Structure formats: C-alpha cells, structure tokens
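Comments concern the structure below.
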Amino acid sequence: MSGKQWKMAILPGDGIGPEVTRAALQVLDVCAAQYGFSVEKTELPFGGVAIDACGRPLPQETLDACLKSDAVLLGAVGGPRWDPLPLGQRPEAGLLGLRRALGLYANVRPICLREPLRGLSPLRLPPGARIDFEIIRELTGDIYFGAHSIAGSGASERAS
C-alpha cells in the first residue's frame, strides 16, 4: 500500500461524535505515517449540525462527497435538541438516507464484555467466562426501507 492516496469524507456528527471522530483520525494519521499511505480528508456537515446549518440532516453536498469518497468516517448523530422535529427531519433520518445512497446493507455490532465492567453486567457468569460475539442486523427492509402502511380501524374493529 506504499504511497496510496485515499479520499475520506468525515462526518463528525453531534454530541460526542466530533470528539470520537477526532480520536479516530489521530489513529488514522499514525497508521498512515507508519504504513506509507495518505488520506485526503473532507469534513462535512451531517446530522443535527447539518440541520442547524443547512436545514436538513443530509445536505446534498455531503451526500455527493460521500459518494465520491473511498471511505466515510461517521460520528454519532442526534440529541435532545432535535427530538421535537418530525421523524423525517431528525438527525437520524440522515443515517437512513446515507445508508440507502451508499447501498449499505448491514450493521455490525461487536460485543465483548470487558473485565472491569463485569460487575455492571446483568448477566451472572461463572469466573473466567467470556462474552465475545457480534450482532449483524440487515438494513434492507422492514423498519428501515420496507413499504410502510397502516391498516385496520383500531378499537372500533372487533373480531367476530
């Protein structure tokens, strides 16, 4: 990979997102120096900060830059400040738009119980037992992108 140049869209997001994103970029910079590659980084508004700046959680400029990039580094989005907005206008709506546009189909959540947190876990495990697994959620249908409808007439409808 020596001398390789990558383009990365940086979407710091809201709340703790920018802090975590900055730390991740520091690690990336060390890796780039160690292994001889470079990353052209473009920071863009996304989530709540994009709503405040542009009126929508996923501005077209941000989406276009993500589509032209080799990678996207995404920080956490959302917060109580934007909770009163309608669902389709909240920061999280930008996530769905980004996932759809980039063709992302899975959400991988690694879970590993760290020893210092064992006492906080509701699971009572024998000494030395480990928890180390991943949850993989598909993001192609149902609640994310499936057809949504409301059927029935509610309480007035009774089974015979």
Side-chain angles (χ1 to χ4, degrees), residues 1 3-112 114 117 120 122 133-157:
M1 275 196 341
K4 181 72 177 172
Q5 166 103 19
W6 303 96
K7 286 184 176 182
M8 180 180 278
I10 312 298
L11 313 180
D14 312 311
I16 197 170
E19 181 180 348
V20 173
T21 302
R22 277 191 303 275
L25 289 172
Q26 289 174 345
V27 172
L28 178 65
D29 290 341
V30 170
C31 291
Q34 177 71 31
Y35 295 102
F37 65 91
S38 62
V39 180
E40 177 187 323
K41 303 172 205 132
T42 304
E43 187 171 314
L44 300 147
F46 184 73
V49 296
I51 292 169
D52 293 346
C54 309
R56 32 192 304 205
L58 179 56
Q60 191 63 48
E61 170 195 4
T62 298
L63 180 57
D64 291 344
C66 289
L67 290 169
K68 292 175 186 170
S69 295
D70 298 303
V72 176
L73 177 60
L74 173 66
V77 297
R81 176 178 177 172
W82 301 281
D83 285 349
L85 295 174
L87 285 176
Q89 296 173 17
R90 290 184 189 171
E92 297 82 1
L95 292 171
L96 295 179
L98 189 60
R99 286 174 179 160
R100 177 177 281 151
L102 295 177
L104 302 176
Y105 60 90
N107 189 340
V108 180
R109 300 288 175 113
I111 298 172
C112 182
R114 305 285 181 213
L117 300 176
L120 299 174
F133 65 97
E134 293 182 11
I135 295 174
I136 300 174
R137 297 170 49 205
E138 64 86 20
L139 302 173
T140 59
D142 295 334
I143 194 168
Y144 290 104
F145 301 118
H148 300 148
S149 67
I150 297 174
S153 57
S156 64
E157 186 176 288

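Worth knowing before you read on, the calculation uses all heavy atoms, side chains too, and leaves out hydrogens, waters and symmetry mates. As the structure is a prediction and not an experimental result, all values here were calculated from the model.
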Excluding sequence neighbours, so at least two apart, what forms side-chain hydrogen bond (donor to acceptor under 3.5 Å, both in side chains) with Gln60? Asp64
Would you say Arg90's side chain and Asp83's backbone share a donor-acceptor pair under 3.5 angstrom? yes
Reported CG-to-CD distance for the pair Leu85 and Glu92, which is rounded to 0.5 angstrom: 9.5 Å
I'd like to know whether Leu44 forms a side-chain contact (heavy atoms from CB on, under 4.5 Å) with Glu61, so could you lay out the CA-CA distance, the side-chain angles of the two residues, the decisive distance to 0.1 Å, and finally the verdict. CA-CA 8 Å; Leu44 300 147; Glu61 170 195 4; 4.0 Å; yes
Rounded distance (nearest 0.5 Å) linking atom CG of Leu95 with atom CG of Leu74: 6.0 Å
Verify, without hydrogens or angle tests, whether Asp70 (side chain) and Lys7 (backbone) share a donor-acceptor contact under 3.5 angstrom. yes
Side chain of Ser69, backbone of Ala65: donor and acceptor closer than 3.5 Å? yes
Holding to side chain to side chain contact (heavy atoms under 4.5 Å, CB included), I want the full list of residues that pass it with Leu120, two or more places apart in sequence or in another chain. Leu117
In short, Leu87 meets Ala93 closest at the heavy-atom pair O-CB, 3.8 Å
Side-chain touch Cys66/Phe46, heavy atoms, less than 4.5 angstrom: no
Taking only distance into account, with no hydrogens and no angle test, what donor-acceptor pairs under 3.5 Å do side-chain atoms of residues 10-26 form with protein atoms, sequence neighbours excluded?
residue, atom, partner, partner atom, Å
Asp14, OD1, Gly48, N, 3.2
Asp14, OD1, Val49, N, 2.9
Asp14, OD2, Gly48, N, 2.7
Asp14, OD2, Gly78, N, 2.8
Thr21, OG1, Gly17, O, 2.7

Phe133 CZ to Cys112 SG distance, which is reported to the nearest 0.5 Å: 10.0 Å
Sequence neighbours excluded, which residues qualify as side-chain hydrogen bond (donor to acceptor under 3.5 Å, both in side chains) partners of Glu40? none
With Thr42 via side-chain hydrogen bond (donor to acceptor under 3.5 Å, both in side chains) - residues at least two apart: none
Measure the CD1-CD1 distance between Ile135 and Ile111 for me, rounded to the nearest 0.5 Å. 3.5 Å
With sequence neighbours left out, what residues match Lys41 under side-chain hydrogen bond (donor to acceptor under 3.5 Å, both in side chains)? Asp29
So does Ile51 get a backbone contact from the side chain of Arg56, meaning a donor-acceptor N/O pair under 3.5 Å? no
Donor-acceptor contact below 3.5 Å, side chain Thr62 vs main chain Pro45: yes
